[in-house]
There are 2 protein chains.
Amino acid sequence: MPANILVVEDEPAIQELLALNITQAGHNPIRALSVEIAQNLMRETIPDLILLDWMLPGMNGLEFARKLKSDSLTKSIPIIMLTARGDEYDKVRGLEVGADDYVTKPFSPRELNARIKAVLRRRAPQMTDDPIEINGLRLDPTSHRVTGNQKSIDLGPTEFRLLHFFMTNAERVHTRSQLLDKVWGDRVFVEDRTVDVHIRRLRNALAVSGHQDLIQTVRGSGYRLSAQHT
Amino acid sequence: MPANILVVEDEPAIQELLALNITQAGHNPIRALSVEIAQNLMRETIPDLILLDWMLPGMNGLEFARKLKSDSLTKSIPIIMLTARGDEYDKVRGLEVGADDYVTKPFSPRELNARIKAVLRRRAPQMTDDPIEINGLRLDPTSHRVTGNQKSIDLGPTEFRLLHFFMTNAERVHTRSQLLDKVWGDRVFVEDRTVDVHIRRLRNALAVSGHQDLIQTVRGSGYRLSAQHT
DNA sequence: GATATTTGTCACGAATATGTCATATTAGGG
DNA sequence: CCCTAATATGACATATTCGTGACAAATATC
């Protein structure tokens, strides 16, 4: 699926190059020569991704990134920073303010596209009411039913929400805190370890249809629903 | 076909953004900066869909949604809630008061349009006067008669409406609040748990023809009429 | 107006879900 | 191969949700 990519770059030649790349990758570039222009454009279209030059006239890129990340409307838009220097220092500063990735100039088109693709892939899909099916495991939010290979699977409310979240965000590792935020909601105080228990209960229920190891544990990080294999 | 979409959003910039989106999608935005303005506008035009911000000055969005859903004149208008947080918990709360969908800010225009389209498309089926038959259970709205496997089933008025609603919306989980809205109507001074009692009475009556477990309880969510094989 | 039916609410027990702990097991570094 | 931290698991107390019978008020029926 094509994405709107806002390109904030003051050097016209480089901007053209970036736009060309984005077009070839099947996405839709939105050009901005300055932060001010970018801000105006964002009133019309909220982009799916921002390519942001480090050095810009007026407000610099770092400040802009910080600003974007502090506004609830824009804070979840992924940002890729472009910088001339390859310093580790810059990278750290960039990631500190919330940039999602980082490309040094000069860059190869292939590398840029790879990073764009990676960042876009990482963005979390919204939970919808559409039925989801992964590996023969089917979850229908509307009827609140879960079926694994024709067998009906019985889940408690929390396990259902947990599985729903995992299925809408498959292939990604989620920390316990993230799961607590997304599945439990931010109003309750529960121990991180509680997640483990619910994961076990979920796995247990999924064993009915042989999907017990659909949810994998990533040691030191969290859990992930894998769409690979069985 | 173009639809009138009421946008209730206090932030002018975001409202403008939403209106622009709606126009581009071929629909007709009606702008309201507050719940009060929205209520006035609705005296003139009943919208086909309402985009409602979660947080609003004065009455908040949740309350407004509840109010809309408790008025017979407006209760069938689909509502899409806009919220800053992405928690499942909020989603549940939103859906409980009858919101049809839910979009987290920041949102991409594409996503918003997809949801608008989806909600307009999947409007809840109208209760018609056509006879319905599910699993050997037959309900005829015209003659006000219910038969299960040749056996006549005797229902009180409320139970009849309840069953009618369940049969026109089979395989979907309905919360108690939703049932109160759809089956009871405006009289929202009824306890949630009252639904349980009527469900029991309905099940009891259906037992005559062996359909007692046609209506299933989904713990933590509500009830569902199962259209699966017996 | 008397009687029957329907309706909403409550109380309470049963069933189920939830969070936390203690302990067993495991993965991965050294 | 061993050690240790991380995770899995079983058990349990607590909390929540649901089913049910009873009952009084409201409503319809005669």
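Sequence lines set the chain letters: A, B, ... in the order given, protein chains first and strands last, and positions in each chain run from 1.
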Exercise: do A/Asn204 and A/Arg201 side chains pair donor with acceptor under 3.5 Å = no
(Q) Considering every strand and a 4.0 Å limit on heavy-atom distances, what is the contact class for A/Arg203: base, sugar-phosphate, or nothing? (A) sugar-phosphate
To the nearest angstrom, the CZ-P distance between B/Phe160 and C/dT6 comes to 14 Å
**Message:** With a 4.0 Å cutoff (strictly under), does any side-chain N or O of A/Trp184 reach OP1 or OP2 of C/dT18?
**Reply:** no
Review point. Given the side-chain rings of B/Tyr223 and B/His174, with only the six-membered ring counted for Trp, is the space between their centroids under 6.0 Å?
Key: no
- Under 3.5 Å, is there an N or O donor on one side and an acceptor on the other linking the side chain of A/Arg219 and the base of C/dG28? no
A/Asp213 CG to C/dA27 P, in whole Å, measures 13 Å
By nearest-heavy-atom nucleotide on DNA chain D, the more 5' of A/Arg176 and B/Val218 is A/Arg176
- Can you tell me if the side-chain N/O atoms of B/Thr194 get under 4.0 Å from OP1 or OP2 in C/dT7? no
Walking DNA chain D from its 5' end, the first of A/Gln216 and B/Arg201 to be reached, judged by nearest nucleotide, is A/Gln216
A/Glu191 atom CD is separated from C/dA22 atom P, nearest whole Å, by 12 Å
Just checking B/Tyr223: base, sugar-phosphate only, or nothing, at a heavy-atom cut-off of under 4.0 Å?
sugar-phosphate
B/Asp196 has its side chain closest, among D/dT7, D/dG19, C/dT9, to D/dG19
With the side chain defined as heavy atoms from C-beta on, A/Val197 is closest, among D/dT9, C/dT9, D/dT7, to D/dT9
Here the distance between atom P of D/dT20 and atom CZ of B/Arg193, to the nearest Å, is 11 Å
Which of B/Asp192, B/Thr194, B/Asp181, B/Asp196 passes side-chain hydrogen bond (donor to acceptor under 3.5 Å, both in side chains) with B/Arg176? Answer is B/Asp196
So the salt bridge (Lys or Arg N to Asp or Glu O under 4.0 Å) pairs with at least one residue in residues 137-148 of chain A (sequence neighbours excluded) are A/Arg145-B/Glu171
Rounded to whole Å, the CG-P distance (B/Leu180 to C/dT7) equals 14 Å
query = Would one find a side-chain N or O of A/Thr217 under 4.0 angstrom from OP1 or OP2 of D/dT7?
reply = no
